Amino acid sequence: MLDIKFVQENLDLVIRKTASKGMEINLTAFKNLIAEKKAQLQKVEALRFELNKTSKLIGRMKMDKEDALSEIAAMKKVSEETRILEEKLKTVDEELKSILLNIPNIPHESVPEGLSPENNEEVRMWGEKPKFSFSPKPHWEIGKNLGILDFERASKITGSRFVVYLGKGALLERALINFMLDIHTREKGYIEVIPPFIVNEISLTGTGNLPKFEDDLFKLQGLSWYLIPTAEVPLTNYYRDEILEKESLPQRFVAYTPCFRSEAGSYGKDVRGLVRQHQFNKVELMTFSSPENSYVELEKLTSDAEDILKRLGLHYRVVVLCSGDLGFSGAKTYDLELWMPHRDKFLEISSCTNCEDFQARRANIRFRSETKSKPQFVHTLNGSGLALGRTVSAILESYQQKDGSVVVPKALQPYMNGLEKIE
RNA sequence: GGAGAGGUGGCCGAGUGGUUGAAGGCGGCGGUCUCGAAAAUCGCUAUUCUGGAUUUCCCAGGAUCGUGGGUUCGAAUCCCACCCUCUCCGCCA
């Protein structure tokens, strides 16, 4: 959520920046509501003043055993009048809030303008495309042939866009999770968290998933609870409505969780194999930072995620997302994109985002820079470190051999009982 | 799921209809004392909104005691609903 005052004072800027994200908003209603709110508020406050003052007088008169009937009668009227105005004011406030909740975050000044992914800018590239003496197979074929991925039985158990990991496949997934968690906790200074996989509406509003993107979520029937689409939601809300000490910042968390996404409306796009599942595993990085350090933290978080790819020896590149490709809550995002040999293309594996104070304002997460100073909003950052399914698919495709086997990356072998090859 | 208790400021905790934004304590900040520190002692110590001004904390005012309603001239205090926490019982990995 943007600061209401900021929006008020920068209407044109907000409209322009929102447009640069590919969203159109009309702030005429907002402008009118603000004016109406001010007028109503002043009336209500004047009435309340009178009410408070006279009520105290009545109290004193009663203690002195004086007769206060005329005052009470007068205040009865004022009280009724106040109530009517308060109701109007409440409606106005609710409308304002709902407009604000639907305005996306404003891109950072370093973000390139543009509406389509072609306007994303490559920041750096690491490694090289693996070379094959044969034409590389897609990961779903490799996985099926090795008997480690079973899409057919998953769709019997649940439906499409689910998968069963089997044997060495399950081991590979588990090894990757442990590998990532170990590096982030032992070497990069993150605290490991296992959060709830179910969250409430308030938490999802805090991160910006609600109210706008309810369709992307799985909601539990009859409850206001949802399956998490990412660990970002429980992690960010860990400190909701709290005031942190400045010395405690930055705070860095890492969590492995499954993620659940309805993927409504994504039919036909990247649907094969492990790329777009309703349920997938992810190791998520999350940082609470002071405002002045958040862009340093963004670089750290991004390079921590990259380090996993380097150790796995996977060819990737880093792009900075253009304004139009940025998510709703993000001010700046680096995408890590993995090389997928069969597709002959890069595929997003991690989005490292600085949300600045957008989520913190929604979730009311603040810190005090000095003991006496006023609390201000923290900056929140998150990024995958990394998404598991896509990592597995890149490993299968990049390390595949002519005979259909897959070599296990060196760094991963200790996590797989020394296994060097899946065959 | 059943029965009970409770939710108050950064934290603990008093407060059951009338100057209570809220006693007391802890923590923090500042002063006195001290060569210095501790102890003692005194003072300050919530957030947010509106209007004004000599425009960043100066003045006036509003809101906030889990959340939302209600009663009342007046609610932290009474009533209703919901949420959450704790204890006991039941069930269960």
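This is a predicted model, so every value here is computed, not measured. Within every chain, numbering begins at 1; the chains are lettered A, B, ... in the order of the sequence lines, protein sequences first and strands thereafter.
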* Asked: Quick one: on RNA chain B, does A:L41 or A:V44 contact a more 5' nucleotide (nearest heavy atom)?
  -> A:L41
Between the protein and nucleotides 73-77 of chain B, are there any N/O to N/O pairs under 3.5 Å, and if so, what are the atom names and distances?
unit_1: B:rC73; atom_1: O4'; unit_2: A:I72; atom_2: O; d: 3.4
unit_1: B:rC73; atom_1: O2'; unit_2: A:S55; atom_2: OG; d: 3.2
unit_1: B:rG74; atom_1: OP1; unit_2: A:S79; atom_2: OG; d: 2.8
unit_1: B:rG74; atom_1: O4'; unit_2: A:S55; atom_2: OG; d: 3.1

* Distance-only donor-acceptor test (3.5 Å): side chain A:E45, base B:rG61 -> yes
* Given the P atoms of B:rU56 and B:rU41, what is the spacing between them in whole Å? -> 39 Å
* Return the value, rounded to whole Å, for the distance between atom CZ of A:R366 and atom P of B:rG9. => 13 Å
* To do: Sort out the partner of B:rU85 for me: Watson-Crick or G-U wobble, both distances under 3.5 Å, none otherwise.
  => B:rA5
* **Atom-pair distance (NZ on A:K246; P on B:rC29), nearest Å** => 17 Å
* What integer number of Å spans the P atoms of B:rU48 and B:rU85? -> 28 Å
* **Euclidean distance for P, B:rG13 against B:rG9 (whole angstrom)** => 11 Å
* Structure fact -> Whole-Å distance, A:L100 CG to B:rC49 P, equals 13 Å
* Does A:E141 offer a backbone N or O that forms a donor-acceptor pair with the side chain of A:N145 under 3.5 Å? -> yes
* Whole-Å C1' distance, B:rC12 and B:rG28 -> 15 Å
* **A:R261 side-chain N/O to A:H278 backbone N/O, donor-acceptor pair under 3.5 Å** => no
* Asked: Counting side-chain heavy atoms from C-beta on, which of B:rC49, B:rG51, B:rG68 comes nearest to A:K90?
  -> B:rG68
* Distance between C1' atoms of B:rC57 and B:rU87 (Å, rounded) -> 48 Å
* Interatomic distance, A:L96 CG vs B:rU48 P [rounded to whole Å] -> 19 Å
* Considering only side-chain heavy atoms of A:F49, which listed nucleotide, B:rG61, B:rU50, B:rG10, is closest? -> B:rG61
* Between B:rU67 and B:rG30, how far apart are the C1' atoms? Round to whole Å, please. => 39 Å
* Asked: Which base, if any, makes a Watson-Crick or G-U wobble pair with B:rG27, both distances under 3.5 Å?
  -> B:rU45
* Residue-phosphate contact under 4.0 Å: A:K53 side-chain N/O, B:rA60 OP1/OP2 -> no
* Asked: With both distances under 3.5 Å as the test, what is the Watson-Crick or G-U wobble partner of B:rC92?
  -> none
* To do: Using the side-chain hydrogen bond (donor to acceptor under 3.5 Å, both in side chains) rule, take A:S110 and A:K332 through it: C-alpha gap first, then chi angles, then the decisive distance, then the call.
  => CA-CA 8 Å; A:S110 66; A:K332 183 174 186 175; 2.9 Å; yes
* To do: Using the C1' atom as the reference point in each nucleotide, state the distance between B:rC79 and B:rG25 in Å, no decimals.
  => 34 Å
* Evaluate the criterion side-chain hydrogen bond (donor to acceptor under 3.5 Å, both in side chains) for residue pair A:R83 and A:S79; output intermediate values, then yes/no. => CA-CA 6 Å; A:R83 215 161 296 184; A:S79 177; 3.2 Å; yes
* Structure fact -> By the Watson-Crick or G-U definition, both distances under 3.5 Å, B:rU71 is matched with none
* Between A:F179 and A:Y415, is the ring centre distance below 6.0 Å? -> yes
* Taking CD from A:Q376 and C1' from B:rU48, how many angstroms apart are they, rounded to a whole number? -> 16 Å
* Asked: Rounded to the nearest Å, what distance is computed from the CD1 atom of residue A:I4 to the P atom of nucleotide B:rC49?
  -> 10 Å
* To do: Rounded to whole angstrom, note down the P distance from B:rA76 over to B:rG69.
  => 15 Å
* Asked: How many Å lie between CZ on A:R361 and P on B:rU48, as a whole number?
  -> 12 Å
* **Salt-bridge criterion met for A:K43 and A:E86 (N-O under 4.0 Å)** => no
* May I ask you to check whether A:Y239 and A:F288 place their ring centers less than 6.0 Å from one another? => yes
* Asked: So A:E306 and A:Y316, side-chain hydrogen bond (donor to acceptor under 3.5 Å, both in side chains) or not? Walk me through it.
  -> CA-CA 9 Å; A:E306 281 180 71; A:Y316 73 91; 2.5 Å; yes
* Asked: Salt bridge check: are A:K144 and A:D150 linked by an N-O gap of less than 4.0 Å?
  -> no
* Asked: Looking for any heavy atom pair under 4.0 Å, which part of the strands does A:K37 touch: base, sugar-phosphate only, or nothing?
  -> nothing
* Does B:rA60 pair with anything, Watson-Crick or G-U wobble, both distances under 3.5 Å, and if so, with which nucleotide? -> B:rU50
* Please report, rounded to the nearest Å, how far the P atom of B:rC84 is from the CZ atom of A:R240. => 12 Å
